[in-house]
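These notes are about the structure you will find just below.
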There are 2 protein chains.
Amino acid sequence: MANHKQNVYNEKDEQLAKYAKALAHPARIAILRQLALMDTCCFGDINCELPLSQSTVSQHLLELKNAGIIQGCLEPPKVKYCINKENWEDLKIIMKEFFNTEINKK
Amino acid sequence: MANHKQNVYNEKDEQLAKYAKALAHPARIAILRQLALMDTCCFGDINCELPLSQSTVSQHLLELKNAGIIQGCLEPPKVKYCINKENWEDLKIIMKEFFNTEINKK
DNA sequence: ATTGTAATTCGCAAAATTACGAATAATATT
DNA sequence: AATATTATTCGTAATTTTGCGAATTACAAT
């Protein structure tokens, strides 16, 4: 029982959880790996690599975009996707910090 | 259009996504931070820190347990929770590897 | 045996996620 | 203007997640 903290979560936890959520699907991980490796990558290239329909791939890309991890530049007639480097660094740092917290002895 | 890879995702992507999913809620992040910091931590201690009901906290703990990130030892009348160090290391390594992939130039 | 404390499980509801096909938009090319 | 290519959006369905209160389990102490 006892008194629950009535307020919300701390902001860092919220941000980390939000990033983690964006990574919480194998298709999205695969997309990020592909973007990290390839010089240039349009929707079609990504779509080809995934066992999903166009529309579903588009949704996964949108989620990554909403989380700030990727961005899409229009390059008619294609859309060129790439990692948002600034936020990728942010994510990297937040993760690193989280996993570097010392775990108590025993 | 184009040939989709008909098979499933690669195993590493699946595992990383699974771990990320476990981290994809601020309450679960908060739980992990608390466990990392405190020497000893029973259900009640965790429950007190979160703005959630007992049953919901129990569910979040179960998810972390199912992902292998934490474990609970019975210590009547309490249940002592702690991080599963072996799997924590595994998670850490998988994350590190993922975030260390070099991003293509420009 | 009864009572109290600690935590989990059950049953349920609301919301979010995942996925698809069809329709649409946006732009290049003919 | 008509057609083809590329990607997004819409509508919908199935599943999963999140959350709660009530009931239950498990064990200690009285």
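Just so it is clear, the model here is predicted, and its values are computed rather than measured. Just so it is clear: chains get the letters A, B, ... in the order the sequence lines come, proteins before strands, and each one is counted from 1.
Remark: the Ser55(A) side chain and the dG21(C) base include a donor-acceptor N/O pair separated by less than 3.5 Å.
The residue Glu63(B) sits close only to the backbone: its heavy atoms come under 4.0 Å of sugar-phosphate atoms, none of a base.
A side-chain N or O of Asp90(B) and one of Tyr19(B) form a donor-acceptor pair less than 3.5 Å apart.
With distances taken from any side-chain atom of Pro77(A) to the nucleotides dA19(C), dA7(C), dT6(D), the minimum falls on dT6(D). Of the listed nucleotides (dC27(D), dA7(C), dA7(D)), dA7(D) has the atom at the smallest distance from the side chain of Phe43(A).
Per the geometry, CD1 belonging to Ile46(A) stands 14 Å off C1' belonging to dT8(D), to the nearest Å. Atoms CG (Asn47(B)) and C1' (dT9(C)) sit 15 Å apart, rounded to a whole Å. One can place NZ of Lys80(B) at 17 Å from C1' of dA6(C), the figure rounded to the nearest angstrom. Between the P atom of dT8(C) and the CD atom of Gln54(B) lies a distance of 9 Å, rounded to the nearest Å. At whole-Å resolution of the value, CG in Leu52(B) and C1' in dG21(D) are 14 Å apart. Atoms NZ (Lys21(B)) and P (dT16(D)) sit 8 Å apart, rounded to a whole Å. The distance from atom NE2 of His60(A) to atom P of dC20(C) is 8 Å, rounded to the nearest whole Å. Rounded to a whole Å, the NE2 atom of His25(A) is 13 Å from the C1' atom of dA16(C).
Toward the 5′ end of DNA chain D lies the nearest nucleotide of Leu61(A), the other residue of the pair Leu61(A) and Gln59(B) mapping further downstream.
Hydrophobic clustering, with ILVMFWY side chains joined whenever heavy atoms are under 4.5 angstrom apart, groups Leu61(A) together with Leu74(A).
Of the side-chain N and O atoms in Ser53(A), none sit less than 4.0 angstrom from OP1 or OP2 of dG21(C). Using a 4.0 Å cut-off, no side-chain N or O of Ser58(B) falls inside it from OP1 or OP2 of dA7(C). Between Tyr81(B) and dT8(C), a side-chain N or O to OP1/OP2 separation shorter than 4.0 Å is present.
In this structure a side-chain-to-backbone donor-acceptor pair under 3.5 Å is missing from Arg28(B) to Ala17(A). Glu63(A) places no side-chain N or O within donor-acceptor distance of the main-chain N or O of Lys21(A), the cut-off being under 3.5 Å. Under the 3.5 Å distance criterion, the side-chain polar atoms of Glu75(B) are left unmatched by any main-chain donor or acceptor of Cys42(B).
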